[in-house]
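The structure under discussion appears below in the form of structure tokens.
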Amino acid sequence: MAADLRLGIIIRANSGNLPATLDDTRNRLNGVRQSTGSVNREFAEMARQTFDVGGAFRAMAAGLSAIALFQGVRSLIDFADTMKLLDGRIQLATTSVQDYARANAALVEISMHTGTAFEANATLFSRINTSLRIMGGTTQTTLQFTELLAKGLRISGAAASEASSVIRQLAQAMASGVVRGDEFNSIMENGSRVAQALADGLHVDIGVLRKMAEAGELSAGKVANALLSQSAILDAEFKRMPLTVSAALENIKTAFGQYISVADQGSAATASLSGSLNSLAQNLPAVLDSVITLAKIAIGYFAATITGGIIHYGQSVLIARA
């Protein structure tokens with residue numbers, strides 16, 4: 001067991017002034033203890049204010065809340081932008097304001113009736129309407145083709161995400177003028193009823209339909225006419241289809257998208273925001289210079305405060321020990 005460590009103070013004084021010497025020594029020791037305690041309290045307070053753990057957690061929680069809010073706002077802005085772009089595409093694909101209004105309302109109705117994505121249906125319409133009109137069709141023809149495709153995908157059992165994928169790929173193929181390759185394979189994998197309707201409309205079986213796709217013989221016109229010829233059959237089959245959860249959720253998204261679109265048009269919120277962001281982009285160097293300058297000032301002030309506190313603490317300890 002280690003030996004006890006004994007500390008003591010040796011006081012030398014003559015007997016005449018011993019009481020005064022003891023009193024003076026006691027007072028000096030009390031002064032050192034009080035000075036050291038005061039300095040320690042000062043430094044502890046400085047450290048608490050500077051490195052406050054509770055404050056750090058509160059700041060972190062506030063920061064996380066701000067991030068979550070920012071992400072939510074960002075998602076809402078992205079959604080509003082998507083709706084605005086779709087609206088612009090529909091306008092470009094139609095021939096007049098009245099034609100646009102009828103097409104937009106019909107696309108919303110088609111999406112809600114079939115439980116498919118408004119974005120996918122609007123993309124299909126905007127990409128093929130001009131082509132079908134050149135081939136002798138009308139806006140109503142394109143809308144009918146869009147609705148039949150959506151119904152065929154529901155009959156095929158395609159989930160909302162799968163239906164959206166097929167619609168987008170077929171829109172790309174129809175816009176290019178020929179359905180083949182990956183676009184045709186997507187129909188075969190996720191839209192078997194659509195593929196059968198195309199084969200029936202062309203009076204061939206599935207095997208021959210696949211060979212026609214490989215040979216590049218499935219032109220946009222052939223595909224549109226074949227599917228439209230099966231309208232009555234697909235309509236009758238679709239009426240017997242139950243509403244699925246994924247379709248109902250897609251309908252909520254469609255309705256919410258229309259609400260956001262109308263609200264944004266009324267308030268011009270995203271237009272104002274985009275104008276502000278564009279102004280920021282044009283003046284970004286000056287803004288960044290200001291931010292960097294403020295950051296340098298803040299860092300310098302923080303460093304000076306910490307350094308000054310530490311120096312003060314050291315000086316106080318030295319004075320107390322002197």
Side-chain angles (χ1 to χ4, degrees), residues 93-94 102-103 106-107 109-111 113-117 120-244 247:
T94 49
R102 285 193 296 267
L107 287 170
E109 184 179 355
I110 290 170
S111 301
H113 183 52
T114 61
T116 51
N121 292 326
T123 300
L124 174 63
F125 173 86
S126 63
R127 288 186 175 182
I128 69 174
N129 189 46
T130 301
S131 300
L132 292 184
R133 281 194 290 106
I134 292 174
M135 290 185 292
T138 63
T139 296
Q140 187 58 37
T141 304
T142 308
L143 290 171
Q144 187 180 3
F145 177 83
T146 302
E147 183 176 11
L148 287 175
L149 176 60
K151 288 179 176 179
L153 290 170
R154 278 288 309 281
I155 297 170
S156 302
S161 58
E162 294 171 340
S164 296
S165 177
V166 173
I167 293 173
R168 289 191 184 94
Q169 287 187 297
L170 185 58
Q172 182 176 344
M174 294 285 286
S176 69
V178 182
V179 178
R180 56 184 171 187
D182 292 338
E183 292 81 6
F184 179 80
N185 292 334
S186 179
I187 296 174
M188 293 295 294
E189 292 172 4
N190 300 309
S192 57
R193 186 62 186 89
V194 177
Q196 186 60 56
L198 291 176
D200 293 343
L202 293 171
H203 307 291
V204 298
D205 58 30
I206 291 294
V208 174
L209 183 69
R210 185 182 294 276
K211 291 180 180 178
M212 292 177 66
E214 293 173 353
E217 297 176 0
L218 293 181
S219 65
K222 281 185 179 180
V223 171
N225 291 330
L227 190 61
L228 290 171
S229 69
Q230 302 299 302
S231 175
I233 298 173
L234 290 176
D235 285 341
E237 291 181 8
F238 181 77
K239 290 179 180 178
R240 300 196 296 269
M241 294 297 298
L243 179 66
T244 62

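As a basis for the values below, the full set of heavy atoms in this structure was taken, side chains included, without hydrogen atoms, waters or symmetry mates. This structure is a prediction, so every number in the text was calculated from the model and none was measured.
- Distance check: Phe145 CZ to Leu132 CG gives 7.0 Å after rounding to the nearest 0.5 Å.
- The closest donor-acceptor contact from the side chain of Ser186 to the backbone of Glu183 lies at 3.5 Å or more, if one exists at all.
- In terms of modelled atom types and a separation under 3.5 Å, the side chain of Ser131 and the main chain of Ala175 share no donor-acceptor contact.
- When each of Val223, Leu149, Leu148 is checked for a side chain to side chain contact (heavy atoms under 4.5 Å, CB included) with Val194, only Leu149 meets the rule.
- One finds the CD atom of Glu217 at 11.0 Å from the NZ atom of Lys211 (value rounded to the nearest 0.5 Å).
- The main-chain N or O of Pro242 is found under 3.5 Å from a side-chain atom of Arg154 such that the two form a donor-acceptor pair.
- Here the closest heavy-atom approach between residue Ser126 and residue Thr123 is recorded as OG-O, 2.9 Å.
- At distances below 3.5 Å, at least one donor-acceptor pair connects side-chain atoms of Asn225 with backbone N or O atoms of Gly221.
- The distance from atom OG1 of Thr146 to atom CG of Asn121, rounded to the nearest 0.5 Å, is 6.5 Å.
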Item to complete: Evaluate the criterion side chain to side chain contact (heavy atoms under 4.5 Å, CB included) for residue pair Met188 and Ile206; output intermediate values, then yes/no.
Response: CA-CA 9 Å; Met188 293 295 294; Ile206 291 294; 3.5 Å; yes
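- Across all non-hydrogen atoms, the minimal contact from Gly216 to Val178 is O-CG1, 3.7 Å.
- No side-chain heavy atom of Asn129 sits less than 4.5 Å from a side-chain heavy atom of Leu143.
- For the residue pair Ser164/Ser161, the side-chain donor-acceptor check at 3.5 Å is not satisfied.
- Expressed to the nearest 0.5 Å, how far CG of Asp200 lies from CD of Gln230 amounts to 5.0 Å.
- Considering only heavy atoms from C-beta on, Leu234 comes within 4.5 Å of Leu227 through its side chain.
- By the 4.5 Å heavy-atom criterion applied to side chains, His113 and Ile110 are not counted as neighbours.
- Of all heavy-atom pairs between Leu107 and Ser111, the closest is O-OG, 2.8 Å.
- Taking all atoms of both residues into account, the shortest heavy-atom contact from Met135 to Ala220 is CE-C, 4.4 Å.
- Considering only heavy atoms from C-beta on, Ile187 comes within 4.5 Å of Val179 through its side chain.
- Taking a cutoff of 4.0 Å between a charged side-chain nitrogen and a carboxylate oxygen, Glu214 and Arg210 do not qualify as a salt bridge.
- Listed for the Asn190 side chain is no donor-acceptor partner under 3.5 Å among the backbone atoms of Glu162.
- Proximity of Leu218 to Leu209: side-chain heavy atoms (C-beta onward) are separated by under 4.5 Å at one or more points.
- Looking at Arg102 and Thr139, their side chains never come closer than 4.5 Å, going by heavy atoms from C-beta outward.
- Remark: Arg180 CZ is loosely packed, at most 12 non-hydrogen atoms of other residues, nucleotides or ligands lying under 6.0 Å away.
- One finds the CD1 atom of Ile167 at 5.0 Å from the OG1 atom of Thr116 (value rounded to the nearest 0.5 Å).
- Of all the heavy atoms in Ser192 and Ser156, the pair that sits closest is N-OG, 3.4 Å.
- Looking at heavy atoms from C-beta onward, Arg193 lies in side-chain contact with Ile233 at the 4.5 angstrom threshold.
- In this structure a side-chain-to-backbone donor-acceptor pair under 3.5 Å is present from Ser229 to Ala226.
- Interatomic distance, Arg127 CZ to Met174 CE, rounded to the nearest 0.5 Å: 12.5 Å.
- Closest approach of Ala150 to Thr114, counting heavy atoms only: CB-OG1, 3.6 Å.
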